[in-house]
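Following: one structure in structure tokens, then a few remarks.
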Amino acid sequence: MDGTSFVDVTDAYNPRYLGNLARTDGSPPSTWRDIKVFKDHAFIVADGAGEHGMQVFDLTGLRDVTEPREFEATAMYTGIASSHNVAINENTGFAYLVGSSGGGETCGGGSHIVDINDPLNPVFAGCFAHENTGRSNTGNSHDTQCVIYHGPDEDYRGREICVNSNENALSVADVTDKDNPIAVAKAAYPNVSYAHQGWLTEDHRYFYSNDETDELAGLVEATRTLIWDLADLDDPVLIKEYFSPTKVTDHNLYVKGDRLYMSNNRAGLRVLDISDPENPVELGYFDTTPWSADEAGFDGTWSVYPYFESGTVLLSSRREGLFLVRPRARRLIP
């Protein structure tokens with residue numbers, strides 16, 4: 001609500017709190033705060049947070065911290081006021097601020113693109129908003145993933161491609177030329193309520209996405225994950241809907257290798273085997289709110305980070321804190 005905390009998780013059994021970076025002076029508390037990292041710097045935005053802007057923090061300043069302390073932003077980017085999310089393509093050094101509002105160049109709520117190759121001197125690079133998507137038809141994005149595409153569609157290999165979750169549709173864009181980004185395709189799906197977030201498989205063939213409120217709206221009978229075939233980027237095809245054993249509201253999901261890590265609110269972390277991408281199989285879970293019923297709603301896990309080489313997986317839970325977990329070497333049978 002009020003800032004960013006830093007935790008040293010090198011020793012997974014003894015995580016150590018290092019300190020706090022407060023929200024931008026004058027900005028109100030906000031439920032939504034998002035952080036991504038590039039070149040040893042954290043880039044922090046907040047939604048519904050007035051003139052918050054994007055804070056830039058030099059993470060090397062954490063290396064010698066022995067006692068918790070209060071930190072200040074190393075630099076500020078004020079080209080926008082509030083943004084729901086920030087995505088970074090680490091291969092190109094561009095940040096994509098989505099769902100912007102409250103001041104500055106909001107880009108219709110689509111991608112406000114920033115060159116961060118010099119992290120302490122971010123520079124506005126352009127806008128992309130996919131017209132006729134989003135609830136207001138302005139191209140508002142809730143989340144995006146931007147990559148140098150190496151998938152099966154030869155027309156776009158080597159191009160910088162963003163796959164956007166735009167409230168009521170999936171959007172694919174070619175943002176290679178920041179002065180002239182191109183809307184490649186948009187796709188709807190049955191029982192859409194709020195297209196929330198998604199992630200590409202490592203071969204860029206498939207895209208797994210979620211809808212944040214279809215369970216709450218009673219449009220589906222169980223937690224749903226959408227499986228898209230992006231063999232032809234000009235024509236995304238929904239090939240399957242995977243339904244979880246639970247009925248909770250899903251939130252963020254990420255792919256690492258042949259595993260899909262989903263942070264599903266009251267059902268906690270769910271891990272799927274996607275070695276057969278069109279037929280996921282649940283391998284295990286970790287529930288941060290075992291006392292709550294597995295129902296739709298906004299309690300429990302918010303997001304998951306499965307990318308540490310150590311195998312430690314980080315899981316944040318709204319009221320319960322930060323969890324460090326690791327898959328068992330073998331499944332325990334009761």
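Because the structure is predicted, anything quoted here is derived from the model rather than measured. Heads up: numbering here begins at 1 and tracks the sequence.
In this model, no donor atom of one side chain and acceptor atom of the other lie less than 3.5 Å apart for S193 and D214. Side chain to side chain, S303 and N252 meet the donor-acceptor criterion of an N or O pair below 3.5 Å. One side chain, S310 or T312, offers a donor N or O that lies under 3.5 Å from an acceptor on the other.
Counting non-hydrogen atoms of neighbouring residues, nucleotides and ligands closer than 6.0 angstrom, the NZ atom of K247 reaches no more than 12 such neighbours. Counting non-hydrogen atoms of other residues, nucleotides and ligands closer than 6.0 Å to CG of D25 gives a total of 12 or fewer. The number of heavy-atom neighbours closer than 6.0 Å to CZ of F323, taken from other residues, nucleotides and ligands shown, is above 12. Atom CH2 of W302 has more than 12 neighbouring heavy atoms from other residues, nucleotides or ligands inside a 6.0 Å radius.
For W199 and Y208, the distance between ring centers is not under 6.0 angstrom.
The closest side-chain heavy-atom distance from H251 to T301 is not below 4.5 Å. No side-chain heavy atom of V9 sits under 4.5 Å from any side-chain heavy atom of Y305. Looking only at side-chain heavy atoms (C-beta outward), F243 and E221 stay at 4.5 Å or farther from each other. Side-chain contact between L216 and F298 is present, with at least one heavy-atom pair separated by less than 4.5 Å. The shortest distance between side-chain heavy atoms of Q197 and S209 does not fall below 4.5 Å. R23 is not listed as a side-chain neighbour of P28, based on a closest heavy-atom distance of 4.5 Å or more. Contact annotation: the side chain of R319 approaches that of D299 to within less than 4.5 Å [non-hydrogen atoms, C-beta and beyond]. Contact annotation: the side chain of F128 never approaches that of C162 to less than 4.5 Å [non-hydrogen atoms, C-beta and beyond].
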Name every donor-acceptor pair, under 3.5 Å, that has one atom in a side chain of residues 33-55 and the other anywhere in the protein, sequence neighbours excluded.
from	atom 1	to	atom 2	distance (Å)
R33	NE	G3	O	3.4
R33	NH1	H52	NE2	3.3
R33	NH2	M1	O	3.0
D34	OD2	K36	NZ	2.6
D34	OD2	V86	N	3.4
K36	NZ	N85	OD1	3.4
K36	NZ	V86	O	2.9
K39	NZ	N117	O	3.0
H41	ND1	K39	O	2.7
D47	OD2	H84	ND1	2.9
Q55	NE2	A22	O	3.0

Using residues 102-114 as the side-chain source, report each donor-acceptor pair under 3.5 Å to any protein atom, sequence neighbours left out, with the distance given to one decimal.
from	atom 1	to	atom 2	distance (Å)
E105	OE2	C107	N	2.9
H112	ND1	E105	O	2.7
H112	NE2	Y77	OH	2.6

For a quick test of your reading: what N or O donor-acceptor pairs under 3.5 Å do the side chains of residues 148-155 make, sequence neighbours left out?
from	atom 1	to	atom 2	distance (Å)
Y149	OH	D153	N	2.9
H150	NE2	E202	O	2.8
D153	OD1	D155	N	3.1
D153	OD2	L233	N	2.8

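L253 and L170 fall into different hydrophobic clusters, where Ile, Leu, Val, Met, Phe, Trp and Tyr residues are linked whenever their side-chain heavy atoms come under 4.5 Å apart, directly or through other members. No chain of hydrophobic side-chain contacts below 4.5 Å, direct or via other Ile, Leu, Val, Met, Phe, Trp or Tyr residues, connects Y96 to V56. Taking hydrophobic clusters as Ile, Leu, Val, Met, Phe, Trp and Tyr residues chained together by side-chain heavy-atom distances below 4.5 Å, V147 shares a cluster with V172. One hydrophobic cluster, built from ILVMFWY side chains closer than 4.5 Å, cannot hold both Y17 and L315; they sit in different ones. L200 is not connected to I274 by any chain of hydrophobic side-chain contacts under 4.5 Å among Ile, Leu, Val, Met, Phe, Trp and Tyr, and they are in different clusters.
One distance of note links CG of N164 with NE2 of H142; it measures 12.5 Å at 0.5 Å rounding. Atom CG of L272 is separated from atom OG1 of T225 by 6.5 Å, given to the nearest 0.5 angstrom. With rounding to the nearest 0.5 angstrom, the CG atom of N210 is 8.0 Å from the CG atom of N264. Atom-to-atom distance recorded for D258:CG and T201:OG1 is 11.5 Å, nearest 0.5 angstrom. The distance from atom CG of L269 to atom CZ of F286, rounded to the nearest 0.5 Å, is 8.5 Å. Note that OG1 of T249 and NE2 of H196 are 10.0 Å apart. Values are rounded to the nearest 0.5 Å.
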Q. When you look at N20 and S5, which way does the side chain to side chain donor-acceptor pair (under 3.5 Å) test go after all the steps?
A. CA-CA 4 Å; N20 180 71; S5 60; 5.7 Å; no

**Q.** Derivation and outcome, side chain to side chain donor-acceptor pair (under 3.5 Å), residues S317 and T288
**A.** CA-CA 7 Å; S317 194; T288 65; 2.7 Å; yes

(Q) Evaluate R270 against T246 for side-chain contact (heavy atoms from CB on, under 4.5 Å), listing each step before the verdict. (A) CA-CA 10 Å; R270 320 296 294 199; T246 72; 3.9 Å; yes

Q: Under the side-chain contact (heavy atoms from CB on, under 4.5 Å) rule, what do R259 and L283 come out as? Steps first, then yes or no, please.
A: CA-CA 9 Å; R259 298 290 185 266; L283 295 177; 3.0 Å; yes

Q. Which is it for S292 and T289 under the side chain to side chain donor-acceptor pair (under 3.5 Å) test, yes or no, and what are the steps along the way?
A. CA-CA 6 Å; S292 68; T289 56; 3.1 Å; yes

Q: Kindly indicate, with the supporting measurements, whether the criterion side-chain contact (heavy atoms from CB on, under 4.5 Å) is fulfilled by K186 and N132.
A: CA-CA 9 Å; K186 63 179 179 179; N132 299 317; 3.5 Å; yes

Q | Worked verdict on E212 versus Y194 for side chain to side chain donor-acceptor pair (under 3.5 Å) | A | CA-CA 6 Å; E212 188 175 29; Y194 196 89; over 6 Å; no

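In terms of heavy-atom proximity, L97 sits nearest to S83 at CB-OG, 3.7 Å. Of all non-hydrogen atoms in A185 and D235, the two that sit nearest each other are CB-N, 4.4 Å. Nearest heavy atom pair, residue D211 against residue A195, reads OD2-N, 4.0 Å. The two atoms that bring A125 and F94 nearest to each other are CB-CE2, 3.8 Å, heavy atoms only. The heavy-atom pair separating G134 from N168 by the smallest distance is N-OD1, 2.9 Å. When all heavy atoms are compared, the tightest approach of V163 to L230 is CG2-CD1, 4.4 Å.
We find that E241 and R224 are joined by a salt bridge, their nearest charged nitrogen and carboxylate oxygen being less than 4.0 Å apart.
Among residues at least two apart or in separate chains, there is no salt bridge (Lys or Arg N to Asp or Glu O under 4.0 Å) pair with a member in residues 66-90. Listed by first and then second residue, the salt bridge (Lys or Arg N to Asp or Glu O under 4.0 Å) pairs that reach into residues 168-184 are R159-D174, E160-K178, sequence neighbours excluded.
Residues forming a salt bridge (Lys or Arg N to Asp or Glu O under 4.0 Å) with D294 (at least two apart in sequence, or on another chain): none.
A donor-acceptor pair under 3.5 Å is formed between the side chain of R318 and the backbone N or O of G300. E215 places no side-chain N or O within 3.5 Å of a backbone atom of A296 that could act as its donor or acceptor partner. In this structure a side-chain-to-backbone donor-acceptor pair under 3.5 Å is missing from T133 to N166.
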